[in-house]
Amino acid sequence: MDFRFNVIVDYLPLLMQGVRLTIQLSVVSVAVGTIIGLVISLLRLSSIPPLRWFAKGYVEFLRGTPLMAQIFLIHFGTPQFLGISAFNPLISGTIALSLNSGAYVAEIFRGAIQSIDKGQMEAARSLGMTYPQAMRYIIIPQAFKRAIPPLGNEFIAILKDSSLVSVISLQDLMMAGRIMQGRTFRFVETWLVVSLLYLVMTLTLSQFVAYLERRFSKSD
């Protein structure tokens, strides 16, 4: 069997740089996407029709179009729209992943909020709380606990989908793998080690989400 470990060792520093960028990109995108998702979910539950329509359009567009098209639209379309020469690939990738994640997280939060018994909102209002106060102190904390498992799945999906930003020359783990393959022509070594590095990251994230589930379940 022709398998060369020295190729992996030689390119491990380059791959680890890609891992760091992938983690940074995913963490920022997930954080921003969670904020966007929470806001959009509240707009979808609003009693004001234009806000509901806007939120529904946002979710439908971003869930119904390919992420790669969204990345291209932001990276190449934004400079054309703003009349500037270029857009930083890291910024483009972060914006695209955050917006895309926000659409999925919005549906997760919406489902979790709607799963809370309506009697709790009525009880909070009867105690003198305003609607925003009831949402902030009573409904959203409970909804967040119920949303942890699907949010974990979404975060793992974003981590893997971040590999698509390599199409705009952002040197994440996938791009590092393409560079390694192009220089060595060692396909098995390259994509095996890249796959294993993604697996390590997703398993670590899965364990972290499981820890959060256990911790929040104890506080119930």
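None of the values given here were measured: they were computed from a predicted structure.
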- Say whether, by atom type as modelled, one donor and one acceptor occur between the side chain of Gln133 and the main chain of Thr130 under 3.5 angstrom. yes
- Beyond-backbone contact of Phe109 with Thr34, side-chain heavy atoms, under 4.5 angstrom: yes
- Task: For this output row, return yes or no: ring centroids of Phe187 and Phe185 closer than 6.0 angstrom.
- Result: no
- Task: Measure across Ser41 and Ile113 and return the closest heavy-atom pair with its distance rounded to 0.1 Å.
- Result: OG-CD1, 4.2 Å
- same_hphob_cluster(Met201, Leu192) at 4.5 Å side-chain heavy-atom cutoff: yes
- Minimum heavy-atom distance between Ile168 and Gly93, given as atom pair plus value: CD1-N, 4.1 Å
- Message: Using a 3.5 Å distance criterion without hydrogens, assess whether the side chain of Ser101 forms a donor-acceptor pair with backbone atoms of Ser98.
- Response: no
- Task: Locate the shortest heavy-atom distance separating Thr190 from Val193; write the atom from each residue and the value.
- Result: O-CG1, 3.1 Å
- Message: Please verify the inter-ring angle class for Phe3 with Phe5; under 30° counts as parallel, over 60° as perpendicular, anything in between as tilted.
- Response: perpendicular
- Leu45 vs Gln114 side-chain heavy atoms within contact, under 4.5 Å: yes
- Message: The test is side-chain contact (heavy atoms from CB on, under 4.5 Å); show your working for Glu107 and Ile40 and say whether it passes.
- Response: CA-CA 9 Å; Glu107 289 301 276; Ile40 294 296; over 6 Å; no
- Query: Is there a donor-acceptor contact under 3.5 Å from the side chain of Ser92 to the main chain of Asn88?
  - Reply: yes
- Query: Do the charged groups of Glu213 and Lys145 touch, with an N to O distance under 4.0 Å?
  - Reply: no
- Message: Apply side-chain contact (heavy atoms from CB on, under 4.5 Å) to residues Thr22 and Val165 and explain how you reach the verdict.
- Response: CA-CA 10 Å; Thr22 296; Val165 300; over 6 Å; no
- Look at the side chain of Ser162 and the backbone N and O of Leu159, then say whether any donor-acceptor pair between them is shorter than 3.5 Å. yes
- What about Ile91 and Ile35, same hydrophobic cluster or not, with Ile/Leu/Val/Met/Phe/Trp/Tyr joined at side-chain heavy-atom distances under 4.5 Å? no
- Item | Value rounded to 0.5 Å, distance of CD1 in Ile48 from CZ in Arg52 | 9.0 Å
- Message: With a 4.5 Å cut-off on side-chain heavy-atom distances among I, L, V, M, F, W and Y, is there a chain of contacts connecting Val188 to Leu173?
- Response: yes
- Tell me, which pairs form a ring pair (Phe, Tyr, Trp, His ring centres under 6.0 Å) where one or both residues lie in residues 76-97, sequence neighbours left out? Phe72-Phe76
- Item | Side-chain (Ser166) to main-chain (Ser163) donor-acceptor, under 3.5 angstrom | yes
- Query: Hey, is the main chain of Val7 close enough, under 3.5 Å, to the side chain of Glu189 for a donor-acceptor pair?
  - Reply: no
- Item | For Ala124 against Ile138, the heavy-atom pair lying closest together | CB-CG1, 4.1 Å
- Message: For the residue pair Gln142 / Gln120, report whether a side-chain donor-acceptor contact shorter than 3.5 Å exists.
- Response: yes
- Query: Is the shortest side-chain N to carboxylate O distance from Arg125 to Glu122 below 4.0 Å?
  - Reply: no
- Ignoring hydrogens and geometry, is there a side-chain-to-backbone donor-acceptor pair from Arg44 to Ala55 under 3.5 Å? no
- Query: Is there a path from Val59 to Ile95 through hydrophobic residues (I, L, V, M, F, W, Y) whose side chains come within less than 4.5 Å of each other?
  - Reply: yes
- Query: How long is the span from the CG atom in Leu21 to the CE atom in Met16, to the nearest 0.5 Å?
  - Reply: 12.5 Å
- Query: Do Ile158 and Leu212 sit in the same hydrophobic cluster, where Ile, Leu, Val, Met, Phe, Trp and Tyr count as joined when their side-chain heavy atoms come under 4.5 Å apart?
  - Reply: yes
- Query: How would you list, by chain and number, every residue that makes a side-chain hydrogen bond (donor to acceptor under 3.5 Å, both in side chains) with Gln70, sequence neighbours excluded?
  - Reply: Thr65, Asn100
- Message: Tell me if a side-chain donor or acceptor on Tyr11 pairs with a main-chain N or O of Ala176 at a distance below 3.5 Å.
- Response: no
- Would you check if the side chain of Ser115 reaches a backbone N or O of Ala112 as a donor-acceptor pair within less than 3.5 Å? yes
- Query: Do the side chains of Leu170 and Leu25 get nearer than 4.5 Å, heavy atoms only?
  - Reply: yes
- Steps toward side-chain contact (heavy atoms from CB on, under 4.5 Å) verdict (Arg136, Met129): CA-CA 10 Å; Arg136 178 181 177 184; Met129 288 187 179; over 6 Å; no
- Message: Rounded at 0.5 Å granularity, tell me how far CG in Leu97 sits from CG in Leu164.
- Response: 8.0 Å
- Output, in order, the C-alpha distance, side-chain angles, deciding distance and verdict of side-chain contact (heavy atoms from CB on, under 4.5 Å) for Gln17 and Gln171. CA-CA 8 Å; Gln17 287 180 12; Gln171 194 169 318; 4.3 Å; yes
- Query: Would one find more than 12 heavy atoms of other residues, nucleotides or ligands at under 6.0 Å from atom CZ of Phe54?
  - Reply: no
